[in-house]
Amino acid sequence: MTELLYDADEEALRGSVRALLVAHAPWQRVLAAVDGGESYDETLWRLLVDQIGVTGLAVPVEHGGAGAGFREVAVVLEELGRAVAPVPFLGAVVATRALLACGESTLLRQVAAAARDVALAVGLATAPDAAPGPVTVGPGPTLSGRVPGVADTAPNGLLLVPAGDGLYAVDAAEPAVRRHSVVSLDGTRPLVDIEFVAAPARPVAVGPAADTAVTAALTAGAALLASEQVGIAQWCLDTTVAYVRQRHQFGRPVGSFQAVKHRLADLWVELTEARAVARHAADRLDAASSEAALAAALAQAYCGPVAVRAAEACVQLHGGLGFTWEHPAHLYLKRAKSAAIAFGTADRHRAALARLVDLPAPGTVDDVTAGHTGR
Amino acid sequence: MTELLYDADEEALRGSVRALLVAHAPWQRVLAAVDGGESYDETLWRLLVDQIGVTGLAVPVEHGGAGAGFREVAVVLEELGRAVAPVPFLGAVVATRALLACGESTLLRQVAAAARDVALAVGLATAPDAAPGPVTVGPGPTLSGRVPGVADTAPNGLLLVPAGDGLYAVDAAEPAVRRHSVVSLDGTRPLVDIEFVAAPARPVAVGPAADTAVTAALTAGAALLASEQVGIAQWCLDTTVAYVRQRHQFGRPVGSFQAVKHRLADLWVELTEARAVARHAADRLDAASSEAALAAALAQAYCGPVAVRAAEACVQLHGGLGFTWEHPAHLYLKRAKSAAIAFGTADRHRAALARLVDLPAPGTVDDVTAGHTGR
Amino acid sequence: MSDHTADGLRALVAAFLRRHDPGGDRLGFLRARFDAGLAWVHHPPGRGGLGAPTDLQAVVDDAFAEAGAPDNQPRRNSIGLGMAAPTLLRHASEAQCQRWLRPLWTGEEVWCQLFSEPDAGSDLASLRTRAVPDGDDWVVDGQKVWTSLAHEARWAILLARTDPAAPKHHGITYFVCDMTAPGVQVRPLRQVTGEAEFNEVFLTGVRIPDTHRVGAVGHGWQIARTTLMNERVAIGGRPMPREGGMVGVLARLWRERPDLRTGGLHEEVLHAWVRAEAARLAALRLRQLIAAGQPGPEGSAVKLSFAELSQRISGLEVELRGAEGLRHDDWTMRRPVEPDLLGRTATYRYLRARGNSIEGGTSEILRSIIAERVLGLPAEPRVDR
Amino acid sequence: MSDHTADGLRALVAAFLRRHDPGGDRLGFLRARFDAGLAWVHHPPGRGGLGAPTDLQAVVDDAFAEAGAPDNQPRRNSIGLGMAAPTLLRHASEAQCQRWLRPLWTGEEVWCQLFSEPDAGSDLASLRTRAVPDGDDWVVDGQKVWTSLAHEARWAILLARTDPAAPKHHGITYFVCDMTAPGVQVRPLRQVTGEAEFNEVFLTGVRIPDTHRVGAVGHGWQIARTTLMNERVAIGGRPMPREGGMVGVLARLWRERPDLRTGGLHEEVLHAWVRAEAARLAALRLRQLIAAGQPGPEGSAVKLSFAELSQRISGLEVELRGAEGLRHDDWTMRRPVEPDLLGRTATYRYLRARGNSIEGGTSEILRSIIAERVLGLPAEPRVDR
């Protein structure tokens with residue numbers, strides 16, 4: 001049975017993360033980092049790694065981690081979304097999921113010990129059911145090819161690269177690994193294009209095991225991103241509610257106008273549902289359930305658009321103020337819109353659901369008798 | 001250039017039709033007719049035929065008609081929709097369009113002279129691009145088969161029946177033509193299932209000419225139904241506005257609450273657009289333009305859902321009253337929902353548009369390189 | 001108390017079943033079950049319960065069901081069980097509880113609700129039915145509407161204005177009205193589906209003894225809010241399985257009828273499925289919150305989503321059926337006890353679902369309640385108090 | 001007057017072109033065109049026009065364009081041409097019109113609008129910038145915001161409060177402010193796209209001669225409504241062809257990039273196309289109404305739909321592009337004269353379009369205007385006047 005509440009440990013974890021973010025990641029600092037064209041906030045990331053131990057949460061105790069699981073990871077992501085924090089946690093978790101699938105104890109220990117940042121070298125927009133990417137293997141144990149739009153990578157970290165029929169570990173600091181900067185829509189999750197020019201690589205999985213690991217990693221990404229989206233939507237709702245309570249127009253608080261109230265009430269309903277959906281997705285990941293794929297597809301089919309609508313409402317209901325660079329709303333709008341594409345857009349996840357729950361598109365397999373209504 | 005306004009003749013025609021309907025088709029009478037399980041209102045229909053000459057409007061002067069055209073027909077349909085009048089005018093116009101395509105002067109003269117009710121014997125849900133129906137020809141000049149859900153037919157009228165590769169005229173009064181009554185969702189446009197049991201028939205067109213005539217007729221049906229839908233939506237908006245102006249709750253007119261105001265404002269915007277779309281569709285029919293098919297598909301893709309939303313808003317904003325049998329809102333709701341299926345649902349018309357304006361579905365013809373984003 | 005565990009309650013049921021034959025006299029069995037405190041386990045002893053946690057009720061119901069015992073046919077007395085009983089438990093006197101609770105629970109006496117009035121609508125507190133004291137009685141005159149079960153009910157919970165001079169929320173008193181009393185006239189109210197689930201109730205000089213007043217004179221509005229909260233938050237007996245509601249009807253139709261499929265409708269079916277599954281998980285989460293003793297305001301979200309989804313899904317089903325969607329089954333005037341949303345045609349579902357956003361609090365009112373009570377947004381300027 | 005036909009006006013333009021070389025001095029040519037009454041043909045003689053019907057302007061513009069004559073670059077002075085000029089024509093004195101209209105039309109002098117204030121927002125009439133009389137001048141202090149073109153403008157139309165004691169709509173006066181006057185400070189206002197189309201304008205002891213007041217003291221609000229109506233109803237120069245706006249960008253992308261297509265996005269593209277075409281036809285119908293002398297309230301519908309569509313279509317385009325939709329072109333702070341909705345990236349369109357439902361009257365305000373002025377629904381209870 002899926003467990004959709006937060007338990008006491010999870011609430012305690014949330015408290016720690018939020019306190020750290022309030023102290024070290026106010027939005028003004030996030031905006032300054034984005035405006036400066038930096039990659040992620042290295043200082044903030046070290047604090048999260050060292051003080052909270054976020055990289056070890058999803059790593060089992062036997063591999064040196066905290067053994068907490070993906071439900072706890074999801075709580076951290078809610079808070080990171082709420083703060084639009086520019087840290088590579090989601091990418092680290094996705095890579096961790098791949099390493100877990102491969103049983104890569106050595107690397108998992110490095111991750112848990114925060115000795116090394118690891119990321120999966122696929123484009124951020126990649127859906128769990130996407131076709132293989134463009135990197136090829138050879139000659140020998142080297143990789144070549146260009147992977148556009150990768151998030152959460154460190155210049156000195158480790159890259160897990162799907163290539164050919166395997167999954168390979170590549171040291172990002174190798175000269176044969178070239179990073180090309182990208183002007184990202186979401187400056188809080190900056191992307192790079194990564195080019196491998198016969199880069200030395202070590203296989204961590206080959207054949208079906210590699211495919212399984214990558215699919216599991218991307219499924220985890222889709223499932224857990226939903227919690228980030230819940231955090232984004234929650235901030236947007238909270239901030240907008242606070243604003244329309246104090247902003248007056250026509251002698252009344254803007255929040256006393258019924259059209260504003262009903263729009264925010266509808267948003268609260270959607271957020272209430274998104275939270276249940278996101279919790280379910282995280283819970284099913286931990287349960288290693290056969291339902292993980294379904295729950296992840298549902299999560300991205302539902303939660304991505306909710307976060308976008310929340311951010312759009314936040315801009316709109318702040319009026320002109322929400323349209324300015326000097327108000328944080330645009331950070332959330334860009335993060336939400338970018339997140340709606342990350343790990344596959346909602347329509348791709350609906351298509352995945354159609355397969356998973358047997359609601360086939362017209363013209364597929366059993367649909368041989370389809371046709372127009374006769375005259 | 002498409003002409004989207006109403007000219008003076010059209011406004012005069014509207015005035016005459018409305019006056020007649022106000023006098024002879026108040027909603028209480030419509031409801032009583034529906035509740036009594038009658039077919040259409042024969043008395044009202046005769047008044048429209050005799051006093052306004054509605055059956056001659058679309059028939060050119062050389063065939064004994066008024067030569068007014070489909071723009072005028074559309075104005076009559078707006079008023080009939082506004083009154084949810086139970087008369088077979090739309091079916092008569094559709095049949096007239098088929099006869100025009102066939103150049104059937106004799107029958108056109110009968111139609112224009114109101115000597116005979118004519119209807120196309122296809123199901124009301126049939127889209128212009130639907131595949132051929134179930135009626136077969138032979139032995140000899142007889143027809144056999146069952147056509148379900150036909151609207152606007154008279155027991156003693158003439159049926160135009162697509163069958164085999166031809167279009168045939170069949171006297172509905174023949175014993176070999178059997179009518180089976182249907183419990184229709186929309187009692188103001190009652191349906192019957194018609195069964196032909198080796199019914200004597202006379203071909204009015206064969207081969208491609210027959211197909212062209214049927215397609216033209218159904219295209220006209222789709223295009224002109226949009227004006228009926230505009231009439232339905234206009235009544236629903238007007239009636240709801242009047243109600244919420246006088247109904248008080250919490251010491252204020254319900255129509256002073258912003259959520260109600262904005263919902264009605266949005267409906268007014270949609271209605272404004274639907275009117276332009278419906279006028280365009282009627283105008284292009286008269287112009288015999290190559291754009292007729294496109295304008296008709298647009299009309300049903302847009303106007304059908306607008307009428308449904310208007311009727312749904314009408315029920316909702318009347319509160320409990322709108323949910324009762326003794327208020328006319330349900331007549332409009334059923335007519336609007338039924339009209340959204342008539343001549344094909346909006347999604348079928350969107351699919352038709354996709355072909356007409358070159359926005360192909362995935363996997364069609366030129367879409368050979370489609371695939372998932374690579375990893 | 002060790003009884004107040006699932007195992008403890010199962011043992012109590014087993015002991016009860018040893019003493020009472022579930023295949024014997026139905027009414028006798030149900031009365032005994034009430035007296036044993038196994039009717040509403042969270043009620044106090046003597047009022048059908050044991051003072052046990054609410055979430056253990058399901059354990060008891062399951063145990064009786066497994067034994068093949070008769071139940072109290074809860075759907076035939078939904079207002080009594082869902083609204084009258086919680087209100088009586090909280091606000092009625094001991095004597096009133098003794099008189100009414102047992103026959104209510106066993107289903108011997110059906111209850112209805114006389115709150116809504118034609119001119120009041122969502123603004124319930126503007127009701128005009130008045131009750132005037134006369135000796136030990138009150139004399140009630142007025143008109144009520146949207147009363148389901150009125151034609152089957154023995155008792156009604158009734159709101160009437162006892163002080164026309166007081167501000168509108170302060171002049172209202174809560175009564176229990178005998179539906180068999182002289183002056184109570186019930187007329188069916190036909191609805192868009194052609195049938196009549198509801199009634200209009202005309203009250204003309206109806207005498208109600210003061211002993212049938214619930215709570216203090218003038219406190220009716222506060223008491224009614226208890227009742228209405230129960231109406232809005234009630235989310236049925238058991239958790240809904242995936243595709244358990246109308247979306248299941250739609251999904252099965254899609255699977256069984258490839259001939260109806262189009263690309264456009266495919267997207268709409270998928271959207272509806274996603275939204276329905278999200279709403280189902282939110283309802284499940286609300287149950288878990290309630291079970292954990294943290295009931296939240298999510299009940300309003302559940303009702304809002306249910307109304308929107310039932311309307312959207314049934315409307316979509318009518319269109320998906322195409323030509324078949326133009327046909328209804330029957331417009332005959334009938335008197336059903338409850339809507340048959342899963343059993344009849346798509347057109348019936350579509351029409352009946354229009355009421356889901358009106359009955360039990362309109363969707364507009366629910367949104368305002370969420371905005372004000374959950375989000376803390378300011379009320380609109382009030383001109384009526 | 002036979003001039004007031006399309007042929008008559010074409011003849012006038014032809015005669016003008018014989019006297020003035022369209023390839024010669026640009027400014028001289030434009031000034032002469034104004035003086036000949038061929039600038040705004042519906043203006044009266046002496047104010048750039050001939051008193052001809054409005055819809056003949058297109059004939060004149062076309063005739064000049066065909067001759068290769070320079071135009072007045074209308075997009076560089078959109079506020080001046082679209083808002084200031086109609087207001088001046090209707091409310092300004094003869095001397096004011098003589099001073100301002102010609103250089104406005106020729107583009108020699110760019111205009112901006114100083115109406116909006118940070119604390120006023122949609123409730124424009126609550127503005128607090130004040131103007132105090134001092135001899136033959138007024139002294140103005142306050143802060144304005146959302147001022148496009150302020151950094152290029154020579155003149156501004158300005159609303160300021162001249163009677164703080166009067167009800168809020170009655171204490172406002174309409175001025176023309178010299179943007180080069182001491183005390184006028186313009187600061188760029190950076191927006192979500194990274195660039196700054198707009199400005200904040202700080203007015204500190206700015207002296208405006210009373211001769212630059214437009215209309216009577218205290219009548220500013222009524223005059224401003226003329227301006228704002230022009231802002232809302234203005235629907236550009238020429239009818240939009242099918243797929244003429246953002247929907248064309250989306251449709252071309254769909255046609256050119258089969259690799260991006262999915263069934264779900266196909267439906268969304270079709271929905272957007274249908275809605276855009278409906279909005280286009282409604283705008284065309286509005287033009288026909290205006291040309292027939294029956295201007296209706298449909299302008300509000302056009303603006304509402306434009307905002308909704310530009311947001312929906314650009315958002316859809318970003319998703320359709322998928323991985324490419326994650327990339328922007330440039331966040332550099334720049335100072336564009338107008339948005340470049342068709343020229344830059346999908347992400348730019350998406351972000352810039354967020355402003356379409358805020359600038360020039362929020363969509364919320366427009367809906368209320370439609371509800372009250374078109375549908376005749378009652379105003380909400382007002383607590384501010």
Side-chain angles (χ1 to χ4, degrees), chain B residues 34-35 37 123-127 148-149 151 182-187 189 191 247-252 254 256-260 263 301 304 308 312 315-327 329-331 333-334 337-338 340-342 344-351 354 361-362, chain C residues 116 118-126 145-146 168 189-196 198 262-268 311 315 318-331 333 345-348 350-352 354-355 357-359 362-365 367-368 380-385:
Chain B
V34 167
D35 216 1
L124 180 62
T126 312
V182 167
V183 180
S184 306
L185 168 60
D186 174 14
R189 184 143 52 206
L191 306 180
R247 169 80 170 174
H248 278 61
Q249 297 265 273
F250 306 102
R252 293 164 52 181
V254 168
S256 73
F257 285 97
Q258 204 184 39
V260 173
R263 182 167 181 178
V308 171
E312 291 178 347
V315 170
Q316 179 68 22
L317 296 179
H318 277 77
L321 183 63
F323 191 65
T324 63
W325 189 263
E326 300 304 329
H327 186 278
H330 70 97
L331 297 172
L333 179 68
K334 292 163 186 173
K337 191 71 185 173
S338 169
I341 294 172
T345 46
D347 63 287
R348 281 186 187 276
H349 287 282
R350 285 197 301 276
Chain C
S116 298
D119 287 332
S122 292
D123 184 11
L124 188 57
S126 69
V145 76
W146 299 116
K168 71 189 227 188
L189 183 59
R190 200 173 178 196
Q191 66 208 45
V192 297
T193 57
E195 58 192 6
F198 302 100
T262 72
L265 294 172
H266 188 231
E267 277 307 302
E268 291 184 39
Q311 293 176 352
V318 171
E319 290 192 35
L320 176 58
R321 288 186 180 275
E324 295 162 31
L326 296 173
R327 293 163 183 251
H328 192 62
D329 53 352
D330 189 1
W331 295 117
M333 159 78 182
T345 56
T347 50
Y348 172 83
Y350 173 69
L351 296 171
R352 182 59 187 82
R354 304 319 308 169
S357 54
I358 300 172
E359 58 201 339
T362 67
S363 291
E364 288 81 3
I365 293 288
R367 287 192 188 94
S368 290
E380 300 205 47
R382 289 296 286 260
V383 294
D384 63 332
R385 65 180 175 193

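Chain A is the first sequence line, chain B the second, and so forth, proteins listed ahead of strands; every chain is numbered from 1.
- A donor-acceptor pair is defined here as one N or O able to donate and one able to accept, closer than 3.5 Å; such a pair exists between the side chain of B:Gln249 and the backbone of C:Asp123.
- We find that B:Glu326 and C:Arg190 are not joined by a salt bridge, their nearest charged nitrogen and carboxylate oxygen being 4.0 Å or further apart.
- Of the listed residues C:Ala120, C:Ala125, C:Ser116, C:Ser363, the one with more heavy-atom pairs under 4.5 angstrom with chain B than any other is C:Ala120.
- Of the residues considered (B:Arg350, B:Glu312, B:His330), B:Glu312 shows the highest number of contacts with chain C, using heavy-atom pairs under 4.5 Å.
- Neither the backbone nor the side chain of C:Glu267 has a heavy atom closer than 4.5 Å to any heavy atom of chain B.
- A perpendicular orientation is assigned to the rings of C:Phe198 and B:Phe323, their planes being inclined by more than 60° (bins at 30° and 60°).
- The shortest heavy-atom contact between C:Arg382 and B:Phe250 is NH2-CD2, 3.6 Å.
- At a 4.5 Å heavy-atom cutoff, B:Arg189 makes no contact with chain C through either its backbone or its side chain.
- Using a 4.5 Å heavy-atom threshold, the side chains of B:Leu333 and C:Tyr350 count as touching.
- C:Leu326 and B:Leu191 get closest at one heavy-atom pair: CB-CD1, 3.7 Å.
- For chain C, the option among B:Gly149, B:Gly320, B:Ala259 with the highest count of heavy-atom pairs below 4.5 Å is B:Gly320.
- Panel note: side chain B:Gln316, backbone C:Ser357; a donor-acceptor pair is recorded below 3.5 Å.
- Looking only at heavy-atom pairs under 4.5 Å with chain B, the residue among C:Gly263, C:Ser368, C:Gly194 that has the most is C:Gly194.
- Counting only heavy atoms from C-beta outward, the side chains of C:Arg327 and B:Pro148 approach each other to under 4.5 Å.
- Contacts of C:Ala196 with chain B are absent, with no heavy-atom separation under 4.5 Å from either backbone or side chain.
- Annotation: side chain of B:Lys337 is in contact with side chain of C:Glu319 (closest heavy-atom distance under 4.5 Å).
- Contact of C:Glu380 with chain B is made through the side chain alone, with heavy-atom distances under 4.5 Å.
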Exercise. How far apart are the C-alpha atoms of B:Asp347 and C:His266, what are their side-chain angles, what is the distance that settles it, and do they pass the side-chain contact (heavy atoms from CB on, under 4.5 Å) test?
Worked result: CA-CA 10 Å; B:Asp347 63 287; C:His266 188 231; over 6 Å; no
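- Contact record, B:Lys334 with C:Val192: NZ-O, 2.8 Å, taken as the closest heavy-atom pair.
- With a 4.5 Å cut-off on non-hydrogen atoms, B:Leu321 touches chain C through its backbone but not through its side chain.
- Only the side chain of C:Leu189 comes within less than 4.5 Å of a heavy atom of chain B; its backbone N, CA, C and O stay farther away.
- When side chains are defined from C-beta on, B:Leu185 counts as touching C:Leu351, because their heavy atoms get closer than 4.5 Å.
- With a 4.5 angstrom heavy-atom cutoff, C:Arg352 touches chain B via backbone and side-chain atoms both.
- For the pair C:Gly322 and B:Ala125, the tightest heavy-atom approach, listed with the atom from each and the gap, is C-CB, 4.4 Å.
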